[in-house]
Amino acid sequence: MKETDKYQNSSNNSEHLDDNELAQYAEYLRHEAGQIPGKLIDHVASCGYCRAELMAITDLLDTLPDVAEEPTNSVVGYPLSVAGRQRSAKLIWLRTTAAIAAIFFLAWIVQRLLPDRPMNEPVATNTVKDSTSIKDTLITNPLTTNSLTENSRTDNPSTKGAKLADTVRYAAAYIPNPAYENLVGAKYRSGSDPKVVGPNPGKVFAPGDTLKISWVPDPEDEYLLVILDNKANPVKEIKTGAEALLAWKIDLKPGLYYWKLLGKEEMWKVGKMKIIGSAARR
Amino acid sequence: MLRNDLDIKFLREDPEKLLIRYQPIIRMIVKNLAFQGYLPKRDINDLIQDVNRKLIERLPRIRDQYNYKSQFRTYFSVIIRNFCLEEFRKVRFVAEPQSEIYEQTAAETSTDQLVIRQEYERLHRALRMFGRERPAVWIVLRCFADLPVTPDEFSGYDLDPGADIRIQLATQVNDTIQLQKREKMEVLSAVFNHLDRKPRTADALRKWSSSRLDELVILMNGKPPRSAYTVEILYILIEKAEFLENND
(Lines give C-alpha, C1' and ligand atoms only; values in the text may rest on other atoms or scores of the structure.)
Protein backbone atom coordinates (compact mmCIF):
# COMPACT_ATOMS: atom_id res chain seq x y z
CA MET A 1 0.00 0.00 0.00
CA LYS A 2 1.19 3.48 -0.70
CA GLU A 3 1.07 6.57 1.45
CA THR A 4 -0.92 9.48 0.19
CA ASP A 5 -2.45 12.57 1.64
CA LYS A 6 -3.29 14.41 -1.52
CA TYR A 7 -6.95 13.56 -1.76
CA GLN A 8 -9.67 15.57 -0.13
CA ASN A 9 -11.96 12.62 -0.10
CA SER A 10 -9.48 10.55 1.80
CA SER A 11 -10.52 8.49 4.79
CA ASN A 12 -8.59 8.65 8.02
CA ASN A 13 -6.23 5.98 6.77
CA SER A 14 -2.88 7.32 5.68
CA GLU A 15 -2.34 4.36 3.40
CA HIS A 16 -4.31 3.31 0.38
CA LEU A 17 -4.16 0.49 -2.08
CA ASP A 18 -1.44 0.89 -4.70
CA ASP A 19 -2.04 0.38 -8.42
CA ASN A 20 -1.34 -3.35 -8.30
CA GLU A 21 -3.66 -3.84 -5.35
CA LEU A 22 -6.37 -1.72 -6.93
CA ALA A 23 -6.13 -3.85 -10.07
CA GLN A 24 -6.25 -7.04 -8.02
CA TYR A 25 -9.26 -5.88 -6.02
CA ALA A 26 -11.04 -4.62 -9.14
CA GLU A 27 -10.74 -8.08 -10.68
CA TYR A 28 -12.13 -9.56 -7.47
CA LEU A 29 -15.15 -7.24 -7.69
CA ARG A 30 -15.63 -8.14 -11.35
CA HIS A 31 -15.46 -11.85 -10.51
CA GLU A 32 -12.32 -12.19 -12.63
CA ALA A 33 -10.17 -13.32 -9.74
CA GLY A 34 -10.77 -15.81 -6.97
CA GLN A 35 -9.88 -14.98 -3.39
CA ILE A 36 -7.69 -12.00 -2.59
CA PRO A 37 -5.62 -11.29 0.53
CA GLY A 38 -7.67 -10.54 3.63
CA LYS A 39 -5.65 -7.40 4.31
CA LEU A 40 -6.98 -5.90 1.08
CA ILE A 41 -10.57 -6.76 1.98
CA ASP A 42 -10.13 -5.35 5.48
CA HIS A 43 -8.53 -2.19 4.17
CA VAL A 44 -11.26 -1.53 1.62
CA ALA A 45 -13.96 -2.24 4.19
CA SER A 46 -12.53 0.54 6.32
CA CYS A 47 -11.45 3.02 3.64
CA GLY A 48 -13.99 5.16 1.85
CA TYR A 49 -11.38 6.61 -0.46
CA CYS A 50 -10.33 3.21 -1.80
CA ARG A 51 -13.97 2.17 -2.17
CA ALA A 52 -14.61 5.22 -4.33
CA GLU A 53 -11.46 4.56 -6.36
CA LEU A 54 -12.41 0.93 -6.88
CA MET A 55 -15.93 1.80 -7.91
CA ALA A 56 -14.58 4.28 -10.46
CA ILE A 57 -12.03 1.76 -11.75
CA THR A 58 -14.52 -1.10 -12.10
CA ASP A 59 -16.98 1.24 -13.82
CA LEU A 60 -14.21 2.24 -16.21
CA LEU A 61 -13.17 -1.35 -16.86
CA ASP A 62 -16.78 -2.18 -17.74
CA THR A 63 -16.61 0.23 -20.64
CA LEU A 64 -13.27 -0.79 -22.13
CA PRO A 65 -12.94 -2.75 -25.34
CA ASP A 66 -11.00 -5.97 -25.35
CA VAL A 67 -7.47 -6.20 -26.68
CA ALA A 68 -6.93 -8.91 -29.24
CA GLU A 69 -5.58 -12.33 -28.48
CA GLU A 70 -3.11 -13.70 -30.95
CA PRO A 71 -2.34 -17.39 -31.26
CA THR A 72 1.34 -18.20 -31.05
CA ASN A 73 3.41 -20.98 -29.60
CA SER A 74 6.28 -18.93 -28.31
CA VAL A 75 7.20 -19.34 -24.66
CA VAL A 76 7.16 -16.49 -22.21
CA GLY A 77 10.19 -16.73 -19.98
CA TYR A 78 8.80 -14.86 -17.03
CA PRO A 79 5.96 -15.26 -14.56
CA LEU A 80 2.43 -15.04 -15.89
CA SER A 81 -0.35 -13.66 -13.76
CA VAL A 82 -2.27 -16.01 -11.48
CA ALA A 83 -5.56 -15.32 -13.24
CA GLY A 84 -3.89 -15.77 -16.62
CA ARG A 85 -2.43 -19.12 -15.60
CA GLN A 86 -5.80 -20.34 -14.32
CA ARG A 87 -7.50 -19.51 -17.59
CA SER A 88 -4.69 -20.54 -19.86
CA ALA A 89 -4.75 -24.26 -19.03
CA LYS A 90 -8.45 -24.57 -19.88
CA LEU A 91 -8.29 -22.38 -22.95
CA ILE A 92 -5.17 -23.98 -24.38
CA TRP A 93 -6.72 -27.43 -24.00
CA LEU A 94 -9.95 -26.30 -25.65
CA ARG A 95 -8.18 -24.55 -28.49
CA THR A 96 -5.84 -27.42 -29.17
CA THR A 97 -8.73 -29.87 -29.31
CA ALA A 98 -10.73 -27.58 -31.57
CA ALA A 99 -7.75 -27.03 -33.87
CA ILE A 100 -7.05 -30.75 -34.22
CA ALA A 101 -10.70 -31.46 -34.91
CA ALA A 102 -10.79 -28.71 -37.53
CA ILE A 103 -7.68 -30.07 -39.27
CA PHE A 104 -9.13 -33.57 -39.42
CA PHE A 105 -12.42 -32.24 -40.69
CA LEU A 106 -10.78 -30.16 -43.42
CA ALA A 107 -8.55 -33.04 -44.43
CA TRP A 108 -11.59 -35.31 -44.67
CA ILE A 109 -13.45 -32.76 -46.81
CA VAL A 110 -10.47 -32.35 -49.16
CA GLN A 111 -10.05 -36.11 -49.32
CA ARG A 112 -13.72 -36.48 -50.26
CA LEU A 113 -13.67 -33.76 -52.88
CA LEU A 114 -10.45 -34.56 -54.68
CA PRO A 115 -9.47 -37.64 -56.62
CA ASP A 116 -6.13 -39.20 -55.75
CA ARG A 117 -3.19 -37.86 -57.73
CA PRO A 118 0.51 -38.42 -57.22
CA MET A 119 2.96 -35.53 -56.87
CA ASN A 120 3.83 -33.70 -60.10
CA GLU A 121 1.10 -35.50 -61.92
CA PRO A 122 -1.67 -33.60 -63.64
CA VAL A 123 -4.43 -32.30 -61.40
CA ALA A 124 -7.96 -33.42 -61.93
CA THR A 125 -10.50 -30.65 -62.27
CA ASN A 126 -13.89 -30.74 -60.69
CA THR A 127 -15.39 -31.29 -64.12
CA VAL A 128 -14.83 -35.04 -63.77
CA LYS A 129 -18.09 -36.81 -64.41
CA ASP A 130 -17.11 -40.36 -63.59
CA SER A 131 -14.02 -42.29 -62.74
CA THR A 132 -13.59 -43.78 -66.21
CA SER A 133 -13.29 -40.41 -67.87
CA ILE A 134 -10.70 -39.03 -65.49
CA LYS A 135 -7.90 -39.39 -68.04
CA ASP A 136 -9.70 -37.07 -70.40
CA THR A 137 -10.30 -34.37 -67.83
CA LEU A 138 -6.79 -34.04 -66.53
CA ILE A 139 -5.25 -30.63 -66.83
CA THR A 140 -1.78 -29.46 -66.06
CA ASN A 141 -0.75 -28.10 -62.72
CA PRO A 142 -0.21 -24.37 -63.30
CA LEU A 143 2.64 -24.14 -60.87
CA THR A 144 4.65 -27.18 -61.79
CA THR A 145 4.36 -28.23 -65.41
CA ASN A 146 2.37 -27.52 -68.52
CA SER A 147 2.71 -30.95 -69.98
CA LEU A 148 -0.17 -33.33 -70.00
CA THR A 149 0.70 -36.84 -69.03
CA GLU A 150 -1.43 -39.86 -69.06
CA ASN A 151 0.28 -41.71 -66.26
CA SER A 152 -1.93 -43.93 -64.32
CA ARG A 153 -2.71 -42.97 -60.76
CA THR A 154 -0.78 -44.31 -57.85
CA ASP A 155 -1.86 -44.76 -54.28
CA ASN A 156 1.61 -44.40 -52.86
CA PRO A 157 0.93 -42.93 -49.38
CA SER A 158 4.14 -40.89 -49.44
CA THR A 159 2.73 -38.70 -52.17
CA LYS A 160 -0.51 -37.84 -50.43
CA GLY A 161 0.85 -34.80 -48.57
CA ALA A 162 2.42 -33.46 -51.75
CA LYS A 163 -0.83 -34.01 -53.63
CA LEU A 164 -2.68 -31.94 -51.11
CA ALA A 165 -0.11 -29.15 -51.35
CA ASP A 166 -0.29 -29.14 -55.15
CA THR A 167 -4.04 -29.07 -55.06
CA VAL A 168 -4.05 -26.18 -52.64
CA ARG A 169 -1.62 -24.24 -54.85
CA TYR A 170 -3.68 -25.03 -57.91
CA ALA A 171 -6.83 -23.82 -56.20
CA ALA A 172 -4.97 -20.73 -54.99
CA ALA A 173 -4.32 -19.69 -58.60
CA TYR A 174 -8.07 -19.23 -59.03
CA ILE A 175 -8.83 -17.26 -55.88
CA PRO A 176 -10.37 -13.94 -56.91
CA ASN A 177 -8.51 -10.77 -55.97
CA PRO A 178 -10.97 -8.56 -54.06
CA ALA A 179 -9.40 -5.28 -55.20
CA TYR A 180 -9.55 -6.18 -58.88
CA GLU A 181 -12.92 -7.87 -58.58
CA ASN A 182 -14.31 -4.48 -57.60
CA LEU A 183 -12.79 -2.87 -60.69
CA VAL A 184 -14.06 -5.43 -63.16
CA GLY A 185 -16.97 -3.95 -65.04
CA ALA A 186 -16.64 -0.58 -63.30
CA LYS A 187 -17.89 2.39 -65.29
CA TYR A 188 -15.42 5.13 -66.17
CA ARG A 189 -15.84 8.83 -66.78
CA SER A 190 -17.73 9.30 -69.97
CA GLY A 191 -15.93 12.37 -71.42
CA SER A 192 -13.06 10.62 -73.18
CA ASP A 193 -14.00 7.01 -72.54
CA PRO A 194 -12.56 4.95 -75.41
CA LYS A 195 -15.42 2.49 -74.99
CA VAL A 196 -13.28 -0.54 -74.39
CA VAL A 197 -14.89 -3.86 -75.25
CA GLY A 198 -13.31 -7.02 -73.94
CA PRO A 199 -14.35 -10.58 -73.36
CA ASN A 200 -17.12 -11.36 -70.93
CA PRO A 201 -15.61 -11.64 -67.41
CA GLY A 202 -16.93 -15.16 -67.14
CA LYS A 203 -15.25 -16.36 -70.33
CA VAL A 204 -12.87 -19.28 -69.99
CA PHE A 205 -9.73 -19.42 -72.16
CA ALA A 206 -7.09 -22.02 -72.81
CA PRO A 207 -3.45 -21.41 -73.68
CA GLY A 208 -3.33 -20.67 -77.39
CA ASP A 209 -6.69 -18.90 -77.46
CA THR A 210 -6.78 -15.27 -78.47
CA LEU A 211 -7.74 -12.46 -76.17
CA LYS A 212 -9.43 -9.71 -78.16
CA ILE A 213 -9.97 -6.23 -76.84
CA SER A 214 -11.25 -3.36 -78.95
CA TRP A 215 -11.76 0.33 -78.28
CA VAL A 216 -12.15 3.67 -79.99
CA PRO A 217 -8.61 5.07 -79.91
CA ASP A 218 -7.70 8.65 -79.25
CA PRO A 219 -4.81 9.55 -81.63
CA GLU A 220 -3.07 11.46 -78.87
CA ASP A 221 -3.27 8.68 -76.35
CA GLU A 222 -1.11 5.58 -76.00
CA TYR A 223 -2.46 2.30 -74.80
CA LEU A 224 -0.93 -0.43 -72.70
CA LEU A 225 -2.53 -3.76 -71.86
CA VAL A 226 -1.33 -5.23 -68.59
CA ILE A 227 -2.16 -8.78 -67.57
CA LEU A 228 -2.03 -9.54 -63.87
CA ASP A 229 -2.30 -12.78 -61.98
CA ASN A 230 -4.81 -13.21 -59.18
CA LYS A 231 -2.34 -11.78 -56.68
CA ALA A 232 -2.18 -8.58 -58.73
CA ASN A 233 1.35 -9.27 -59.95
CA PRO A 234 1.85 -8.07 -63.54
CA VAL A 235 2.74 -11.03 -65.75
CA LYS A 236 2.55 -9.42 -69.20
CA GLU A 237 2.59 -5.95 -70.71
CA ILE A 238 1.55 -5.35 -74.32
CA LYS A 239 2.03 -1.89 -75.82
CA THR A 240 -0.21 -0.74 -78.63
CA GLY A 241 -0.28 2.38 -80.73
CA ALA A 242 -3.43 3.86 -82.14
CA GLU A 243 -4.94 0.53 -83.11
CA ALA A 244 -8.57 -0.09 -82.41
CA LEU A 245 -8.18 -3.78 -81.73
CA LEU A 246 -5.71 -5.84 -79.80
CA ALA A 247 -5.53 -9.57 -80.35
CA TRP A 248 -3.12 -11.43 -78.16
CA LYS A 249 -2.45 -15.10 -78.16
CA ILE A 250 -2.64 -16.36 -74.61
CA ASP A 251 0.50 -18.09 -73.36
CA LEU A 252 -0.21 -18.19 -69.65
CA LYS A 253 -0.46 -21.01 -67.18
CA PRO A 254 -3.94 -21.93 -65.96
CA GLY A 255 -5.34 -19.61 -63.34
CA LEU A 256 -7.43 -16.51 -62.85
CA TYR A 257 -6.06 -13.38 -64.51
CA TYR A 258 -7.07 -9.76 -64.72
CA TRP A 259 -6.34 -7.44 -67.58
CA LYS A 260 -6.33 -3.68 -67.55
CA LEU A 261 -6.11 -1.28 -70.44
CA LEU A 262 -4.19 1.84 -69.52
CA GLY A 263 -4.00 5.13 -71.34
CA LYS A 264 -1.26 7.71 -70.78
CA GLU A 265 -2.95 9.00 -67.69
CA GLU A 266 -6.00 6.88 -67.17
CA MET A 267 -6.91 3.31 -66.52
CA TRP A 268 -9.70 2.67 -68.99
CA LYS A 269 -10.96 -0.76 -68.26
CA VAL A 270 -10.35 -3.80 -66.09
CA GLY A 271 -11.51 -7.25 -67.05
CA LYS A 272 -10.82 -10.78 -66.01
CA MET A 273 -10.36 -14.13 -67.63
CA LYS A 274 -10.06 -17.65 -66.41
CA ILE A 275 -7.50 -19.83 -68.12
CA ILE A 276 -7.73 -23.56 -67.80
CA GLY A 277 -5.49 -26.25 -69.26
CA SER A 278 -6.23 -27.02 -72.86
CA ALA A 279 -6.73 -30.69 -71.96
CA ALA A 280 -9.52 -29.78 -69.62
CA ARG A 281 -11.55 -28.32 -72.47
CA ARG A 282 -11.42 -31.41 -74.58
CA MET B 1 -1.16 -17.14 -26.70
CA LEU B 2 -3.63 -15.69 -24.22
CA ARG B 3 -4.28 -12.00 -24.12
CA ASN B 4 -2.52 -11.52 -20.81
CA ASP B 5 0.53 -13.55 -21.80
CA LEU B 6 0.82 -11.57 -24.99
CA ASP B 7 0.56 -8.30 -23.06
CA ILE B 8 3.33 -9.41 -20.74
CA LYS B 9 5.49 -10.51 -23.65
CA PHE B 10 5.10 -7.11 -25.28
CA LEU B 11 5.71 -5.34 -21.99
CA ARG B 12 9.01 -7.18 -21.65
CA GLU B 13 10.16 -7.33 -25.22
CA ASP B 14 8.36 -4.80 -27.34
CA PRO B 15 6.78 -1.91 -25.40
CA GLU B 16 6.08 -0.06 -28.62
CA LYS B 17 3.79 -2.84 -29.80
CA LEU B 18 2.13 -2.86 -26.41
CA LEU B 19 1.31 0.81 -26.74
CA ILE B 20 -0.07 0.32 -30.23
CA ARG B 21 -2.15 -2.57 -28.97
CA TYR B 22 -3.56 -0.46 -26.16
CA GLN B 23 -4.47 2.60 -28.22
CA PRO B 24 -8.20 1.75 -28.29
CA ILE B 25 -8.17 1.36 -24.50
CA ILE B 26 -6.24 4.58 -23.95
CA ARG B 27 -8.65 6.44 -26.21
CA MET B 28 -11.64 4.93 -24.45
CA ILE B 29 -10.35 5.82 -20.98
CA VAL B 30 -9.60 9.41 -21.96
CA LYS B 31 -12.97 9.75 -23.65
CA ASN B 32 -14.73 8.20 -20.70
CA LEU B 33 -13.20 10.59 -18.23
CA ALA B 34 -13.78 13.49 -20.59
CA PHE B 35 -17.42 12.62 -20.91
CA GLN B 36 -17.70 12.48 -17.15
CA GLY B 37 -16.91 16.18 -17.18
CA TYR B 38 -13.23 16.15 -16.32
CA LEU B 39 -12.19 18.20 -19.34
CA PRO B 40 -13.56 19.86 -22.45
CA LYS B 41 -14.31 17.23 -25.06
CA ARG B 42 -12.36 19.11 -27.71
CA ASP B 43 -9.12 18.36 -25.84
CA ILE B 44 -9.46 14.60 -26.12
CA ASN B 45 -6.86 14.14 -28.85
CA ASP B 46 -4.34 16.34 -27.05
CA LEU B 47 -4.91 14.36 -23.91
CA ILE B 48 -4.37 11.08 -25.71
CA GLN B 49 -1.05 12.40 -26.99
CA ASP B 50 -0.01 13.49 -23.50
CA VAL B 51 -0.97 10.17 -21.98
CA ASN B 52 0.95 8.31 -24.69
CA ARG B 53 4.02 10.43 -24.12
CA LYS B 54 3.83 9.77 -20.41
CA LEU B 55 3.41 6.05 -20.96
CA ILE B 56 6.46 5.92 -23.22
CA GLU B 57 8.52 7.69 -20.57
CA ARG B 58 7.31 5.52 -17.73
CA LEU B 59 6.94 2.10 -19.30
CA PRO B 60 10.19 0.80 -17.78
CA ARG B 61 8.90 1.74 -14.34
CA ILE B 62 5.50 0.25 -15.04
CA ARG B 63 7.21 -2.97 -16.10
CA ASP B 64 9.25 -3.09 -12.89
CA GLN B 65 6.31 -2.32 -10.65
CA TYR B 66 3.76 -4.71 -12.14
CA ASN B 67 3.46 -7.66 -9.73
CA TYR B 68 1.62 -10.12 -12.02
CA LYS B 69 -1.16 -10.67 -9.49
CA SER B 70 -3.81 -9.20 -11.77
CA GLN B 71 -4.38 -9.23 -15.50
CA PHE B 72 -2.01 -6.76 -17.11
CA ARG B 73 -4.93 -5.11 -18.86
CA THR B 74 -6.53 -4.26 -15.51
CA TYR B 75 -3.29 -2.96 -14.04
CA PHE B 76 -2.47 -0.96 -17.14
CA SER B 77 -5.96 0.54 -17.19
CA VAL B 78 -5.49 1.71 -13.61
CA ILE B 79 -2.18 3.30 -14.61
CA ILE B 80 -3.68 4.97 -17.68
CA ARG B 81 -6.53 6.32 -15.57
CA ASN B 82 -4.04 7.75 -13.08
CA PHE B 83 -2.09 9.43 -15.87
CA CYS B 84 -5.30 10.93 -17.20
CA LEU B 85 -6.24 12.23 -13.77
CA GLU B 86 -2.75 13.74 -13.42
CA GLU B 87 -3.20 15.50 -16.73
CA PHE B 88 -6.68 16.63 -15.82
CA ARG B 89 -5.36 18.29 -12.70
CA LYS B 90 -3.23 20.52 -14.92
CA VAL B 91 -6.22 21.82 -16.83
CA ARG B 92 -9.24 23.42 -15.26
CA PHE B 93 -12.07 20.99 -14.80
CA VAL B 94 -15.01 21.79 -16.97
CA ALA B 95 -18.14 20.09 -15.83
CA GLU B 96 -20.10 18.72 -18.74
CA PRO B 97 -22.20 16.06 -17.07
CA GLN B 98 -24.03 13.57 -19.18
CA SER B 99 -27.30 15.23 -19.94
CA GLU B 100 -28.97 11.96 -20.76
CA ILE B 101 -29.14 11.12 -17.04
CA TYR B 102 -31.91 13.65 -16.71
CA GLU B 103 -33.49 12.99 -20.05
CA GLN B 104 -34.71 9.46 -19.69
CA THR B 105 -38.15 8.58 -20.90
CA ALA B 106 -40.65 6.62 -18.90
CA ALA B 107 -41.02 3.76 -21.35
CA GLU B 108 -39.06 0.71 -20.23
CA THR B 109 -37.33 -0.95 -23.14
CA SER B 110 -35.03 -3.94 -23.24
CA THR B 111 -32.15 -1.48 -23.02
CA ASP B 112 -33.59 -0.18 -19.77
CA GLN B 113 -33.76 -3.72 -18.48
CA LEU B 114 -30.12 -4.21 -19.37
CA VAL B 115 -29.22 -0.99 -17.60
CA ILE B 116 -31.18 -2.09 -14.52
CA ARG B 117 -29.30 -5.40 -14.43
CA GLN B 118 -25.95 -3.66 -14.87
CA GLU B 119 -26.70 -1.15 -12.17
CA TYR B 120 -27.86 -3.89 -9.83
CA GLU B 121 -24.54 -5.63 -10.41
CA ARG B 122 -22.78 -2.34 -9.62
CA LEU B 123 -24.77 -2.06 -6.41
CA HIS B 124 -23.59 -5.51 -5.36
CA ARG B 125 -20.03 -4.58 -6.23
CA ALA B 126 -20.30 -1.52 -4.05
CA LEU B 127 -21.75 -3.60 -1.22
CA ARG B 128 -18.96 -6.17 -1.45
CA MET B 129 -16.48 -3.47 -0.62
CA PHE B 130 -18.03 -3.06 2.81
CA GLY B 131 -16.47 -6.37 3.82
CA ARG B 132 -17.94 -7.75 7.04
CA GLU B 133 -20.52 -4.99 7.15
CA ARG B 134 -21.97 -6.02 3.80
CA PRO B 135 -24.79 -8.27 5.14
CA ALA B 136 -25.90 -5.60 7.61
CA VAL B 137 -25.92 -2.83 4.99
CA TRP B 138 -27.91 -5.07 2.65
CA ILE B 139 -30.47 -5.95 5.32
CA VAL B 140 -30.91 -2.30 6.28
CA LEU B 141 -31.34 -1.36 2.64
CA ARG B 142 -33.99 -4.00 2.05
CA CYS B 143 -35.76 -3.24 5.30
CA PHE B 144 -35.97 0.50 4.49
CA ALA B 145 -37.13 -0.37 0.97
CA ASP B 146 -39.94 -2.50 2.42
CA LEU B 147 -38.50 -5.52 0.64
CA PRO B 148 -38.52 -8.89 2.43
CA VAL B 149 -35.29 -10.46 3.62
CA THR B 150 -34.54 -14.18 3.56
CA PRO B 151 -32.89 -16.16 6.36
CA ASP B 152 -29.86 -16.67 4.08
CA GLU B 153 -29.20 -12.98 4.17
CA PHE B 154 -28.28 -13.35 7.85
CA SER B 155 -25.37 -15.62 7.03
CA GLY B 156 -21.91 -14.23 6.57
CA TYR B 157 -21.61 -13.14 10.19
CA ASP B 158 -18.59 -14.27 12.16
CA LEU B 159 -20.87 -15.94 14.68
CA ASP B 160 -23.45 -17.92 12.74
CA PRO B 161 -26.72 -17.80 14.71
CA GLY B 162 -27.93 -21.07 13.22
CA ALA B 163 -30.73 -21.82 10.77
CA ASP B 164 -33.62 -21.51 13.23
CA ILE B 165 -32.52 -18.16 14.60
CA ARG B 166 -31.93 -16.89 11.05
CA ILE B 167 -35.55 -17.71 10.22
CA GLN B 168 -36.72 -15.90 13.37
CA LEU B 169 -34.63 -12.84 12.60
CA ALA B 170 -35.86 -12.71 9.01
CA THR B 171 -39.45 -12.90 10.25
CA GLN B 172 -38.85 -10.06 12.71
CA VAL B 173 -37.41 -7.84 10.01
CA ASN B 174 -40.12 -8.73 7.51
CA ASP B 175 -42.76 -7.83 10.07
CA THR B 176 -41.55 -4.22 9.89
CA ILE B 177 -42.68 -3.86 6.26
CA GLN B 178 -44.97 -0.82 6.01
CA LEU B 179 -43.94 0.35 9.51
CA GLN B 180 -42.35 3.72 10.22
CA LYS B 181 -38.57 4.09 9.99
CA ARG B 182 -38.28 4.65 13.74
CA GLU B 183 -39.99 1.33 14.42
CA LYS B 184 -37.86 -0.40 11.83
CA MET B 185 -34.76 0.95 13.61
CA GLU B 186 -35.88 -0.51 16.94
CA VAL B 187 -36.30 -3.95 15.40
CA LEU B 188 -33.09 -3.78 13.36
CA SER B 189 -31.17 -2.66 16.42
CA ALA B 190 -32.36 -5.73 18.34
CA VAL B 191 -31.58 -8.00 15.40
CA PHE B 192 -28.04 -6.69 14.91
CA ASN B 193 -27.37 -6.75 18.65
CA HIS B 194 -28.18 -10.43 18.52
CA LEU B 195 -25.98 -11.05 15.51
CA ASP B 196 -23.02 -8.93 16.63
CA ARG B 197 -23.34 -9.94 20.27
CA LYS B 198 -22.83 -6.36 21.33
CA PRO B 199 -25.29 -3.68 22.38
CA ARG B 200 -26.02 -0.89 19.93
CA THR B 201 -28.80 1.64 20.40
CA ALA B 202 -31.33 2.41 17.72
CA ASP B 203 -29.83 5.88 17.44
CA ALA B 204 -26.33 4.50 16.89
CA LEU B 205 -27.73 2.18 14.26
CA ARG B 206 -29.51 5.08 12.58
CA LYS B 207 -26.23 7.04 12.33
CA TRP B 208 -24.31 4.03 11.10
CA SER B 209 -26.92 3.07 8.51
CA SER B 210 -27.31 6.64 7.35
CA SER B 211 -23.56 6.99 6.73
CA ARG B 212 -23.37 3.63 4.91
CA LEU B 213 -26.37 4.31 2.70
CA ASP B 214 -25.10 7.79 1.89
CA GLU B 215 -21.77 6.32 0.86
CA LEU B 216 -23.51 3.68 -1.20
CA VAL B 217 -25.33 6.45 -3.05
CA ILE B 218 -22.04 8.30 -3.62
CA LEU B 219 -20.39 5.12 -4.91
CA MET B 220 -23.26 4.42 -7.25
CA ASN B 221 -23.22 7.98 -8.56
CA GLY B 222 -19.50 7.82 -9.30
CA LYS B 223 -16.78 10.43 -9.00
CA PRO B 224 -17.44 12.82 -10.68
CA PRO B 225 -21.15 11.97 -10.64
CA ARG B 226 -22.31 10.00 -13.64
CA SER B 227 -25.70 9.15 -12.17
CA ALA B 228 -28.24 10.82 -9.93
CA TYR B 229 -29.03 8.16 -7.36
CA THR B 230 -30.70 8.80 -4.06
CA VAL B 231 -31.39 6.18 -1.41
CA GLU B 232 -34.99 6.05 -2.62
CA ILE B 233 -33.84 5.34 -6.17
CA LEU B 234 -31.68 2.50 -4.84
CA TYR B 235 -34.83 0.99 -3.33
CA ILE B 236 -36.53 1.19 -6.73
CA LEU B 237 -33.47 -0.28 -8.43
CA ILE B 238 -33.48 -3.32 -6.15
CA GLU B 239 -37.20 -3.82 -6.60
CA LYS B 240 -37.02 -3.56 -10.39
CA ALA B 241 -33.93 -5.77 -10.69
CA GLU B 242 -35.50 -8.47 -8.55
CA PHE B 243 -38.71 -8.25 -10.51
CA LEU B 244 -36.73 -8.82 -13.71
CA GLU B 245 -34.81 -11.68 -12.11
CA ASN B 246 -38.00 -13.38 -10.98
CA ASN B 247 -39.62 -13.01 -14.39
CA ASP B 248 -36.73 -14.39 -16.44
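Below, read A as the first sequence line, B as the second, and so on, with proteins coming before strands; counting in each chain starts at 1.
In this structure, the portion of A:Tyr25 lying under 4.5 Å from any heavy atom of chain B is its side chain and not its backbone. Neither the backbone nor the side chain of B:Gln118 comes within less than 4.5 Å of any heavy atom in chain A.
Ion pairing between a basic and an acidic side chain is recognised when a charged N comes within 4.0 Å of a carboxylate O; B:Glu121 and A:Arg30 show no such pairing. Ion pair B:Glu86/B:Arg58 flagged as a salt bridge, since at least one NZ, NE, NH1 or NH2 atom sits closer than 4.0 Å to an Asp/Glu carboxylate oxygen. A salt bridge between B:Arg21 and B:Asp7 is present, with a side-chain N of the basic residue lying under 4.0 Å from a carboxylate O of the acidic one.
The residue among A:Ile36, A:Asp42, A:Asp62 with the most heavy atom pairs within less than 4.5 Å of chain B is A:Asp62. Each of A:Leu54, A:Ile41, A:Asp59 has some count of heavy-atom pairs under 4.5 Å with chain B, and the biggest count is that of A:Asp59. Options A:Leu29, A:Leu60, A:Asn20 differ in how many heavy-atom pairs under 4.5 Å they form with chain B, and the most are formed by A:Asn20. The most heavy-atom pairs under 4.5 Å with chain A, out of B:Arg27, B:Met28, B:Arg122, come from B:Arg122.
Under the rule for a salt bridge (charged side-chain N to carboxylate O under 4.0 Å, His left out), B:Glu245 has no partner lying at least two apart in sequence or in another chain. Partners of B:Asp196 according to the salt bridge (charged side-chain N to carboxylate O under 4.0 Å, His left out) rule, which considers only residues two or more places apart in sequence or in another chain, are B:Arg200.
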